[in-house]
Every structure is written in C-alpha cells, then in structure tokens.
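Some notes on the structure that comes next.
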Amino acid sequence: MINEATEERSWTTSRDKKAKKILQVSRLAEDKILPAEKMVEALEMLISPGDRVVLEGDNQKQASFLSHVLTQVDPQKVNQLHMIMSSISRPEHLDIFEYGIAEKIDFAYAGQQSLRVAQMLEDGKLKMGEIHTYLELFGRLFIDLIPNVALIAADQGDVNGNLYTGANTEETPTIVEAAAFKDGIVIAQVNELVDELPRVDIPGSWIDFVVVADKPYQLEPLFTRDPRHITDLQVLMAMMTIRGVYERHQVQSLNHGIGYNTAAIELLLPTYGKSLGLKGKICRHWALNPHPTLIPAIESGWVESIHCFGGEVGMEQYVAARPDVFFTGRDGSLRSNRAMSQVAGQYAVDLFVGSTLQMDRDGNSSTVTSGRLAGFGGAPNMGHDPRGRRHSTPAWLDMRTSNDELARGRKLVVQMVETFQKGNEPVFVESMDAVKVGREANLATAPVMIYGDDLTHVVTEEGIAYLYKSDSVEERRQALSAVAGVTPIGLQHDTKQTTALRDKGLVAFPEDLGINRTEAKRSLLAAKSVEEIVDWSKGLYNPPASFRSW
Amino acid sequence: MSIAFLFPGQGSQVPGMLHELPDHPVIRQTFAEAGEILGLDVLTLDSEEKLQSTISVQLCLLVSEVAAAKVLLQEGVKPEMAAGHSVGAFAAAVIAGAMDFPSALTTVRRRAELMEQAYPEGYGMGVVTGLKQDKVLRLTANAFSEDQPVYPANLNAEDQVTLAGDKRGIEYVLELAKQEGARKAFLLPVSVPSHCELLQGVSEELAAELEKVTFKNPSIPCLSNSTARALRKGEDIRNDLAVSIARPVKWHEATLLMKEMGANLFLEMPPGRVLTDLASAAVPSVRSLSLSESGMKSAVLLGKRYRNG
C-alpha cells in the first residue's frame with residue numbers, strides 16, 4: 001500500500017531552477033552567445049548565494065576572463081559561494097574572498113598563492129574545505145561536491161556551444177561532465193568564435209553559454225627546464241637512477257615529476273642509456289606533460305607513447321608532427337586530459353619519480369614550508385602504491401620481497417634529492433615543517449606529499465636506498481640515513497652497518513652500480529641547452545621567449 | 001599586469017637626495033607644498049650635516065618619495081598597490097589616497113621627534129645576514145634579558161634580519177650569529193631602537209597624533225608593516241602606521257604577498273635601491289627597478305609598457 005500521507009514531491013527542482021535562470025539570462029544572449037560586456041549582469045542572475053562553483057583554474061590553463069568577471073559581481077547579490085578549484089593560481093581566485101563573494105574553498109594546488117591562502121585562512125577570510133589530490137577532487141565533483149555552476153575556458157567555440165579545447169584540454173571535460181549532467185550551469189569563455197571547429201572536444205549540448213573573452217586565457221609554460229642549469233651532480237644522480245632503478249627493475253612505463261633531476265634522466269637516455277644497451281627495454285610508455293627535454297629520447301626512438309595531463313607552450317607543432325607518440329585529434333593537435341592521465345599515472349605505470357624539499361627519517365616527504373599552504377596536485381596520486389592494482393608487469397612483480405603465494409607487486413615510488421637544498425638547508429630532517437604548518441592551520445592531517453610507507457627508493461648524490469627491501473622500521477631508517485649525507489638524519493647513521501646494508505642490497509653507492517663519479521659530467525647530456533633541443537626537434541619546438549637566449 | 005610602488009625607509013637616505021631629483025614641475029610643486037607646511041625650505045634638509053638628525057632624514061624620505069611617485073602618476077604610470085618600509089609607509093598612504101600630504105608631513109615630523117627623544121643613549125640596531133630568519137629569531141629570543149633587551153626589528157629577507165634594543169644585547173646576538181655561520185653581523189649607525197616593544201610609548205603618542213588626521217579608504221591596497229596584509233580600509237592604515245613603530249616590519253612576507261596579488265613590476269621611489277635588491281632576491285621572476293639608479297625616464301617607459309602589457 002502506498003502511504004497516503006506522502007505528499008507529492010517534485011523530482012525536478014534543480015532542473016526547474018536552472019531552466020528559470022537560463023530563460024532569464026537568454027534575453028541578454030543571442031542563441032548561446034553572451035556579450036562580454038553583459039557578463040557581470042549574467043553571472044549575477046545565474047549564480048545564487050551559496051552555490052558550489054567550479055572555476056577552471058587548472059595546473060596550466062586559467063579561465064582568466066571569467067575569474068575577472070566574477071570579482072566584479074555585486075556581493076549583495078552573489079555571496080557565500082563555495083569554490084571548487086584544481087589550482088588557486090590567480091590573484092582574482094582569492095580576491096573574491098576578500099570582496100565577500102566567496103566563502104569556502106576546496107582545492108588541490110595553490111603553489112602560486114600559497115602565502116595568501118595561509119594568511120586568509122588565519123584571518124578567517126576563507127573557510128577551508130579540504131586539500132585534495134587531483135583525482136580526489138575530480139571524484140568529489142560526482143559525489144558530494146556536484147557543481148551548481150562551472151566556469152570554464154576553451155580555445156574556440158561555435159554558435160551551438162561546441163568547444164575546441166585543443167592541447168590544453170586538461171580539466172575541462174571532467175568539470176563539464178559533472179555540471180552538465182546534474183543540471184549545473186556551464187559557461188565557457190573562448191578565445192574566438194568560429195564557423196567550423198578543428199575538432200569538437202566538448203559537444204554543444206553540454207554547454208549553456210559561450211562568451212568571447214577580451215584576451216586569450218592565461219597559460220604559463222611550467223614544464224620547460226633549460227638543460228643549461230643541470231649540474232654534474234644531477235647527472236650523477238640520473239645515472240644512478242637509470243642503472244640502479246630503471247635497468248635493475250626493468251621499468252617500462254612511468255611518470256616523471258618536473259625538475260632538473262628528471263630532466264637529466266630524460267637527456268641521458270639517448271647517450272648513457274644507449275651505452276648500456278637499454279633502448280627498447282626501459283622507459284617506453286609515459287604519462288607525462290610534453291616535456292621539451294624528452295625530445296632527444298623521442299627522436300632517437302626510445303619512446304613509444306606519451307599521454308599528457310596538459311600541454312606545454314611551444315610544443316604544439318612538435319607534438320602535432322609526432323602522432324605515433326602523442327595522443328592527437330583528427331586536426332593533428334594534442335588532446336590532453338588531466339583526469340585520464342592521472343588515472344593512468346596512478347594505476348597503469350610502473351614507476352613515479354619526483355623530488356621534495358624535506359624528508360623525515362621514515363621517508364615521509366613534503367614541499368610545504370612555513371607560512372604557506374600549497375597542496376600537491378598530482379604527485380600524491382602517482383607517488384603512491386595503488387593497492388587495488390591487479391595487472392602485473394616485470395617491474396611491479398620485482399618489488400615482491402616474499403615467496404608467499406599471495407604476495408603481490410608494488411608501484412615503484414622514487415624520490416630523487418640532493419641532501420642539501422639551496423641555501424644550505426638539509427633535506428633530511430627530524431621533523432618536517434609540514435607537521436607544524438598542519439597544526440597551525442588546524443588541518444585534519446599534516447600536509448604530507450608522499451608517505452614513507454609508499455616510498456620504495458631514495459636516490460641522493462651519496463647513493464640509493466632500496467627501502468622496499470627492508471625487513472624492519474629500524475633497517476629502513478638505517479638504509480635512508482646511509483644516503484642522507486651530513487644532514488641531521490645522515491649523521492645518525494651507524495657507519496659500522498654500511499657494509500652489511502650494501503651486502504644485503506639495501507644500499508648501493510655509485511661504485512656498486514659500476515658508475516665512476518668522475519664520469520658524471522654535463523657533457524653526457526644529449527642536449528645541453530634549449531637551442532640544442534630545438535635542433536633535435538628539427539625546428540618544430542618553438543620555445544617561449546623567456547627560454548630563448550640566442 | 002600590476003605595478004607595485006615601493007617606498008624605502010630610514011637607511012636609504014644620502015646627502016643631496018632632494019637635489020638629485022629631476023627638475024620637474026611636479027617635484028618643484030611638492031617641495032613648495034612641503035616647505036609651506038613645515039615652514040622651511042626643504043632643500044636645506046638634505047645636507048650631510050642635517051641628515052645626522054632623524055627628523056631631517058624622515059622628512060627628506062617622505063618628500064622625495066611622494067614627489068617622485070607623483071611624477072609617475074602624472075606621466076600615466078599607475079600602481080595597483082603600494083608598500084612602504086617603516087617611515088616609507090606614510091608616503092605609500094599619501095600616494096594611495098588614504099591620508100593627505102600635509103598631514104603626513106606633520107605626523108612624520110612628530111614621529112621623528114618622538115623617536116629621537118625616546119632613547120638618548122645605549123640603544124640602537126644591528127643587522128644579521130646570511131642566516132635563516134627562523135634561526136635569528138630563535139637566537140634573539142634566547143638571548144633576551146630584562147636588563148639588556150633585544151628584539152627582531154625588520155624581517156627584510158629570508159636571510160636578513162635587523163635587531164633593535166640595548167646595544168649590549170644586540171652585540172651578544174651578533175656574536176652568536178657569527179658563531180652560527182652568519183655572513184655578516186654588525187651594529188648599524190642608528191641610535192633609536194625602532195620596531196620593537198621599547199617604542200610602545202612612542203607608538204601610543206603617535207596613535208594619538210594620527211587620531212587627529214582624516215583617513216580615507218585608499219584607492220589601491222597598502223601593505224601593512226606589522227602584519228604583511230593588504231590593507232584596504234583607511235582605519236586599518238591609520239592603525240598600522242601607529243602600531244608598526246613598536247612591532248617588527250614583516251617586509252619579506254609583504255614582498256611575497258605582492259607577487260601573489262599579481263605584482264609584476266616593482267618601482268622603488270628614490271633614494272636608493274635597498275627594496276629593489278630585496279625584491280629581486282625574494283621574487284626573481286618579478287622585474288624590479290630603482291628610480292635612483294635607472295632614472296625617472298626608464299621608470300616611466302617601463303611602467304607604461306607594463307600597464308599596456
């Protein structure tokens with residue numbers, strides 16, 4: 001029997017609410033096209049107080065026109081917004097909190113605004129939701145942070161709302177999917193309106209309004225490292241990593257964090273890697289942004305495939321000319337997708353290698369420093385062992401340390417650090433600044449980037465610690481301190497144990513790997529300058545002005 | 001594209017600093033206006049002899065900085081934010097429209113008088129470079145004693161801190177800092193222990209003085225000395241100008257904040273290049289230029305290019 005007391009309820013409240021708003025705003029628009037000068041008015045009608053708003057601030061691409069418009073709405077009309085952003089990267093992203101438009105934020109990364117985030121949190125001007133990894137934040141867009149409004153950026157659009165997002169597609173499909181299919185309102189800023197798109201990255205039926213921005217969206221080159229700044233010491237560490245990790249464990253698929261250490265590895269593959277006869281045996285498949293420093297390895301046939309989180313300024317032509325390696329559209333240009341590439345980098349690759357500013361004796365690491373709340377973006381997704389993994393690869397299986405019938409493999413999680421940072425600050429410390437920062441900011445957990453129990457290898461200029469092989473916490477600490485140099489952690493090392501650790505394979509010094517320290521020279525790099533990378537690319541790589549020195 | 005105007009504090013003064021400003025109608029007019037309020041010819045204040053007095057120093061800095069910034073404004077170079085170090089904060093408040101120039105002149109004169117009278121002898125300031133801020137703060141806190149008080153005064157850079165207090169206390173910290181590996185640690189030729197609790201009395205008298213002045217909300221945010229926050233209300237600026245004399249100047253943090261607020265060109269008002277050097281070291285990706293060094297013309301050209309960006 002149906003309970004007769006049950007009142008008839010509406011099952012379309014959010015759809016009805018959206019329809020009403022769209023109708024109201026459509027008088028400002030022609031079809032789906034809103035004029036730029038009406039945008040403040042439009043946002044005031046489309047966004048309600050307390051709405052969950054995703055503003056596209058990606059690692060690279062920024063919906064900079066829409067973020068600017070959002071700062072101009074009347075806080076009497078639009079307020080208490082709950083912002084959801086991958087990356088807090090522009091001043092306006094926080095100005096909206098100062099102006100009383102937004103109230104709460106959930107995010108993944110705030111490197112460019114980390115001091116201001118910390119200050120505003122302390123001043124009570126911003127309520128912190130949580131700091132996420134990219135995948136967690138994307139996941140929550142479909143669970144408990146479903147957006148009411150999405151403000152996104154694309155390269156081109158047409159009158160029907162179809163969008164071309166090109167090389168820097170990044171977060172766009174994920175954000176739009178979460179909003180469009182749950183009656184959220186989706187507004188796209190485009191650099192230009194065209195009759196025919198090179199390809200359709202987002203179908204028009206998912207988009208409510210399109211506005212042509214006064215300026216192209218902001219995009220910064222973040223993944224370009226000039227080989228000129230790679231040091232001999234970094235060459236040494238890169239040689240150790242190739243020999244002692246990639247070759248030893250037969251690493252075929254991987255992700256590199258961005259930095260000079262990893263750039264050195266990329267530039268040693270066609271030279272040092274080749275001399276070891278490793279071509280075709282390691283580093284074949286990548287989840288990686290289009291790093292210019294990988295060009296020599298691609299050109300010499302090392303790389304079979306690369307799936308990208310985002311694009312990189314200057315790499316457009318080169319990528320378009322190498323569709324056998326990169327994921328490209330029918331138009332030829334790169335298709336990136338951060339959510340997909342993060343999933344790939346978390347579950348489908350053998351190894352992650354990155355760097356850090358601080359590490360404690362248990363191998364926990366963080367780049368958080370005093371007075372700054374930055375988050376980590378994607379590193380924790382890739383820098384951990386996804387314990388649900390089932391498929392095997394030689395490297396994954398090689399991490400097994402017991403003969404148990406149920407023993408499983410492990411993701412290789414590698415940290416590459418010099419024992420001291422610039423300014424003579426030790427990397428290996430008793431207690432990370434992150435612990436203090438977490439306490440002071442009242443975070444539920446300390447902002448650790450990579451947990452020690454996920455870490456399998458640490459490479460320093462002293463040697464490699466094979467942490468995954470240790471039987472006990474004590475042995476693990478000894479192995480780590482053996483490569484920690486003269487830092488506070490390194491000084492705790494009992495040198496009497498070094499030989500035993502080396503015999504047991506827990507620690508390897510360069511000589512144990514057949515590497516002569518004096519041979520570690522910059523001259524081994526396949527390209528020693530940006531100019532030489534351009535040569536390798538046969539002129540297809542077009543570096544941004546700030547990297548041109550010739 | 002955002003420009004930040006920087007206004008230096010004491011220590012940047014040089015003899016002849018007002019005479020060295022370019023011959024420009026706005027500058028002549030600023031000198032005349034200041035002269036009228038102060039009842040003297042400001043061009044008599046910048047001799048080596050006169051600059052022995054902190055009163056002349058602070059007035060010269062205020063006049064020089066306001067005059068130069070007004071030229072930039074008139075030439076069409078408009079800042080998005082302003083930050084002044086110590087007494088420089090008064091010039092910043094004037095240029096941001098929070099207080100008027102005549103009030104700034106009389107308040108700064110009073111501020112300098114109060115400072116000069118506060119501690120006739122035995123007190124001063126020192127500087128430590130090449131040692132991390134945290135470490136210097138720890139050394140200073142440990143070295144503190146009631147009869148030889150010593151405090152951190154200016155947190156200028158990650159590795160540059162000035163100290164204020166009893167000279168013996170300062171010398172003790174300088175010695176400790178050297179032992180810890182500081183690059184430089186020495187006493188400054190300054191007799192007033194600025195930016196520490198010892199000036200609490202001065203701060204209170206200055207607050208009473210500032211109460212007589214009308215403050216308006218600034219047209220651009222001014223960076224606070226005492227909290228390194230962007231101040232957008234006239235009342236907050238009034239309060240900061242009063243309290244900061246007895247608190248450490250958080251300059252390094254303010255510099256970092258300006259970058260996060262979008263500053264991509266720092267223009268330092270004359271005299272000197274102290275703040276330009278600090279900014280270049282703290283945020284190398286942001287262009288910094290000292291008007292004293294590069295001249296007004298370059299500043300105008302560069303400023304316009306960044307505005308049009």
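Numbers restart at 1 for each chain; the letters A, B, ... are given by sequence-line order, proteins then strands.
In B/Gln179, the CD atom is crowded: over 12 heavy atoms of neighbouring residues, nucleotides or ligands sit closer than 6.0 Å. Within 6.0 Å of OH in B/Tyr172 there are 12 or fewer heavy atoms belonging to other residues, nucleotides or ligands. The environment of CD in B/Glu197 is sparse: at most 12 heavy-atom neighbours from other residues, nucleotides or ligands sit within 6.0 Å. A 6.0 Å sphere centred on NZ of B/Lys78 holds more than 12 heavy atoms belonging to other residues, nucleotides or ligands. Taking a 6.0 Å sphere around CD of B/Glu80, one finds it holds more than 12 heavy atoms contributed by other residues, nucleotides or ligands.
Judged purely by atom type and a 3.5 angstrom limit, A/Gln119 uses its side chain to pair as donor or acceptor with the backbone of B/Ala228.
Note: A/Arg90 CZ to B/Met261 CE = 14.0 Å, rounded to the nearest 0.5 Å. Between the CD atom in B/Glu253 and the CZ atom in A/Arg372 there is a gap of 9.0 Å [rounded to 0.5 Å].
Neither the backbone nor the side chain of A/Glu92 comes within less than 4.5 Å of any heavy atom of chain B. Contact annotation for A/Ser89: neither backbone nor side-chain heavy atoms come within less than 4.5 Å of a heavy atom of chain B. For a residue to count as touching a neighbouring chain, one of its non-hydrogen atoms must lie under 4.5 Å from one of that chain's; by this rule B/Thr227 touches chain A with the backbone only.
Residues passing the side-chain hydrogen bond (donor to acceptor under 3.5 Å, both in side chains) test with B/Arg229 are A/Asp123, sequence neighbours excluded.
For the residue pair B/Glu260 and A/Pro91, the shortest heavy atom distance occurs at O-CG, 3.5 Å. Here the closest heavy-atom approach between residue B/Leu257 and residue A/Leu115 is recorded as N-CD2, 3.6 Å.
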